[in-house]
Amino acid sequence: MLTRRRLLAGAPALILATQLPRARAATSARPAMQTRAIPATGQQVPVIGMGTADSFNVGSEASERAPIREVLQRFFSGGGTLIDTAPSYGRAETVLGDLLAELGLRERAFICTKIGATGRDAGLAQFEQSLQRLKTTHIELLQVHNLIDWRTQLALINELKAQGRVRYSGLTHYHEGGHDELAAAVQEGKPDFLQINYSVISTAAESRLFPMAQQMGVAVLVNRAFDDGRLFRQVAGKPLPPWAAAAGITSWAQAFLRFALSHPAVTAVIPATSRPDRQSDNLLAGHGPILTPQQRQSLQSLFL
């Protein structure tokens with residue numbers, strides 16, 4: 001007999017059962033994150049990637065890795081795939097490799113790492129070490145870190161591409177003082193990707209690197225889109241611009257990421273965070289329309 005007590009006890013499960021189809025429908029109805037094509041192949045990648053500098057440099061304790069695990073889970077659940085790391089980021093490669101293996105997410109990940117060594121043998125040794133740390137047999141994108149011995153290392157990366165151990169080649173830098181050298185290296189070396197800093201207050205890449213990338217068919221990853229947190233400090237306590245809501249922007253992080261993505265040369269941005277709530281917020285920048293020139297100027301005017 002169905003007593004009142006049994007009915008009440010079963011109510012939460014009954015409610016959950018009726019809500020699940022709606023929740024699943026809402027999830028499936030949510031538009032996927034926007035993607036852009038890698039010019040070299042046409043492969044699509046989500047526009048919001050993830051960096052690991054500082055954020056993934058943690059120890060082995062469960063308490064240290066729990067928030068990073070959640071950051072990673074939210075990243076993939078939100079449609080992300082592209083993750084940038086490097087041997088010089090402390091334990092980041094090891095932590096990333098461990099968590100991808102633990103969560104069974106390696107095959108969904110587009111791993112980008114780097115060589116930051118002098119000499120072919122040292123570069124190859126560093127690559128092999130990265131494979132071990134990342135618990136993988138191949139790398140999607142292997143980049144020369146900050147142009148260190150770039151001719152030697154780019155030649156090595158191209159060898160590894162021919163062997164099927166690397167899919168794409170890249171060159172990186174992180175500040176405006178390196179733009180001219182990076183531009184010259186891209187023009188000579190013809191990599192598949194370049195990675196460079198770009199933000200509301202650091203737009204030098206627009207003058208030479210971005211047009212070159214578009215002309216040559218080179219994908220662009222943007223680092224330091226928040227200018228190492230400087231942008232947040234300057235808008236602390238200020239309301240979002242009046243047009244933000246209509247553009248689907250609900251936070252300053254989304255506004256700054258959408259600024260970077262509004263340049264047509266940019267393939268993806270790679271913000272780093274160790275906080276799950278910030279990861280969820282960053283991912284929302286992968287939805288919504290491109291900022292208009294007027295909206296871009298409105299953001300820039302806040303920092304004049």
Side-chain angles (χ1 to χ4, degrees), residues 30-39 43-51 75 78-82 84 172-176 179 182-183 186 193-232 234-235 238-273 278-304:
R30 181 180 177 182
M33 187 191 295
Q34 294 167 10
T35 63
R36 292 183 182 173
I38 299 170
Q43 179 182 359
Q44 298 283 325
V45 291
V47 294
I48 302 296
M50 177 172 63
F75 179 69
T81 63
L82 189 152
D84 183 76
T172 82
H173 220 293
Y174 69 99
H175 65 79
E176 294 184 357
H179 285 204
L182 179 59
V186 168
F193 277 77
L194 69 85
Q195 181 184 145
I196 196 61
N197 63 301
Y198 180 62
S199 76
V200 173
I201 59 174
S202 299
T203 58
E206 294 178 355
S207 63
R208 185 178 178 191
L209 282 169
F210 286 177
M212 176 185 293
Q214 290 176 288
Q215 182 179 10
M216 295 180 62
V218 177
V220 174
L221 298 183
V222 165
N223 59 44
R224 301 180 67 203
F226 300 143
D227 235 280
D228 300 334
R230 190 183 314 165
L231 299 185
F232 295 120
Q234 293 193 36
V235 297
K238 295 181 180 180
L240 289 167
W243 49 263
I249 292 172
T250 58
S251 73
W252 283 111
Q254 294 169 36
F256 299 146
L257 293 172
R258 290 270 289 279
F259 176 90
L261 289 170
S262 65
H263 196 288
V266 174
T267 307
V269 292
I270 50 172
T273 184
R278 291 182 178 174
Q279 180 69 288
S280 295
D281 188 42
N282 290 344
L283 291 166
L284 293 175
H287 304 265
I290 296 299
L291 299 190
T292 66
Q294 293 76 22
Q295 290 167 341
R296 286 170 56 85
Q297 291 171 7
S298 171
L299 285 175
Q300 290 179 294
S301 69
L302 297 172
F303 299 92
L304 296 177

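Because the structure is a prediction, the values reported are computed rather than measured.
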Might you point out which heavy atoms bring H287 and P31 nearest each other, and give the distance in Å?
CE1-O, 3.1 Å
Parallel, tilted or perpendicular: rings of F256 and W252 (30°, 60°)
parallel
For the student: nearest non-hydrogen atoms of A219 and I38, plus distance:
CB-CG2, 4.3 Å
So which heavy atom on P46 is nearest to which on G79, and how close?
CG-O, 3.2 Å
By salt bridge (Lys or Arg N to Asp or Glu O under 4.0 Å), R296 pairs with (sequence neighbours left out) E206
Side chain to side chain contact (heavy atoms under 4.5 Å, CB included) partners for A213, two or more places apart
L194, V218, V220
Just to verify, what does S298 make a side chain to side chain contact (heavy atoms under 4.5 Å, CB included) with, not counting sequence neighbours?
P241, W243
Considering non-hydrogen atoms only, spot the tightest contact between V47 and G286 and give its length.
CG2-CA, 3.7 Å
Using a 4.5 Å cut-off on heavy atoms from C-beta on, say whether the side chain of V186 contacts that of M216.
yes
Does the side chain of T172 pick up a donor-acceptor pair with the side chain of Q195 at under 3.5 Å?
no
The criterion is side chain to side chain donor-acceptor pair (under 3.5 Å); which residues satisfy it with H263, sequence neighbours excluded?
none
Without swapping roles, check the side chain of Q295 against the backbone of T292 for a donor-acceptor pair under 3.5 Å.
yes
Applying ring-ring contact (aromatic ring centres under 6.0 Å, His included), name anything that partners Y198, two or more places apart in sequence or on another chain.
F210, F259
Just jot down the side chain to side chain contact (heavy atoms under 4.5 Å, CB included) partners of R278, sequence neighbours excluded, or say none.
T273, R275
Between CE of M33 and OG1 of T81, what distance do you get to the nearest 0.5 Å?
8.5 Å
Taking side chain to side chain donor-acceptor pair (under 3.5 Å) as the test, write out the residues that go with T267, two or more places apart.
none
Just jot down the side chain to side chain donor-acceptor pair (under 3.5 Å) partners of N197, sequence neighbours excluded, or say none.
H179
Taking it one step at a time, do L291 and I249 satisfy side-chain contact (heavy atoms from CB on, under 4.5 Å)?
CA-CA 10 Å; L291 299 190; I249 292 172; 3.9 Å; yes
Which pair of heavy atoms, one from V222 and one from A260, lies closest together, and at what distance?
CG1-CB, 4.3 Å
Given V269, which partner from the list L261, L221, N282, L82 fulfils the side-chain contact (heavy atoms from CB on, under 4.5 Å) test?
L261
Looking at residues at least two apart in the chain, or sitting in another chain, which of them share a side chain to side chain contact (heavy atoms under 4.5 Å, CB included) with Y174?
N146, N223, R224
D84 vs M50 side-chain heavy atoms within contact, under 4.5 Å:
no
Can you tell me how far apart OG (S199) and CG (L299) are? Round to the nearest 0.5 Å.
11.0 Å
Can you see which heavy atom on I48 is nearest to which on A285, and at what distance?
CD1-CB, 3.9 Å
Applying side chain to side chain donor-acceptor pair (under 3.5 Å), name anything that partners T203, two or more places apart in sequence or on another chain.
none
Working to the nearest 0.5 angstrom, can you tell me the gap between E176 CD and L182 CG?
12.5 Å
Under 3.5 Å, is there a donor on one side chain and an acceptor on the other for T250 and Q254?
yes
Is there a side-chain contact between V266 and R36, using heavy atoms and a 4.5 Å cut-off?
yes
